[in-house]
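What follows is a set of notes on a single structure, which appears directly below.
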Amino acid sequence: MAMTRQEIETAIADLETAKRARLTGKARQQVSYDGGGVTFVPATIAEIEQEIVKLRLQLAKLTGAPSGLGPIRIGFGGRM
């Protein structure tokens with residue numbers, strides 16, 4: 001099911017917040033309580049950034065606005 005513009009914008013904002021929390025060391029990775037606990041496998045900054053890029057592309061397709069990501073250029077070796 002396709003996401004609406006509002007859902008995409010909310011998801012981007014949530015991911016930006018999660019990325020900021022990871023960069024500042026505020027993201028929780030483990031929660032403990034009496035009798036147990038849960039350990040989360042956090043997403044890497046690269047994975048979060050990749051998802052943000054996907055969502056921005058979806059938003060650009062939905063609205064017709066430029067994505068701001070620029071053209072994709074393929075290069076090999078030191079030519080980039």
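Please read these numbers as outputs of a predicted model, since none were measured by experiment. By convention here, the first residue in the shown sequence is residue 1.
Taking R20 as the reference, nothing meets the side chain to side chain donor-acceptor pair (under 3.5 Å) condition, with sequence neighbours excluded. Evaluation of the side chain to side chain contact (heavy atoms under 4.5 Å, CB included) rule for T10 yields Q6, D14 as partners, not counting sequence neighbours. Checked against salt bridge (charged side-chain N to carboxylate O under 4.0 Å, His left out), R22 has no partners two or more places apart in sequence or in another chain.
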Contacts table for residues 46-59: side-chain donor-acceptor under 3.5 angstrom, sequence neighbours left out:
from: E47; atom 1: OE1; to: T44; atom 2: N; distance (Å): 2.9
from: E49; atom 1: OE1; to: K19; atom 2: NZ; distance (Å): 2.6
from: R56; atom 1: NH2; to: E16; atom 2: OE2; distance (Å): 2.9

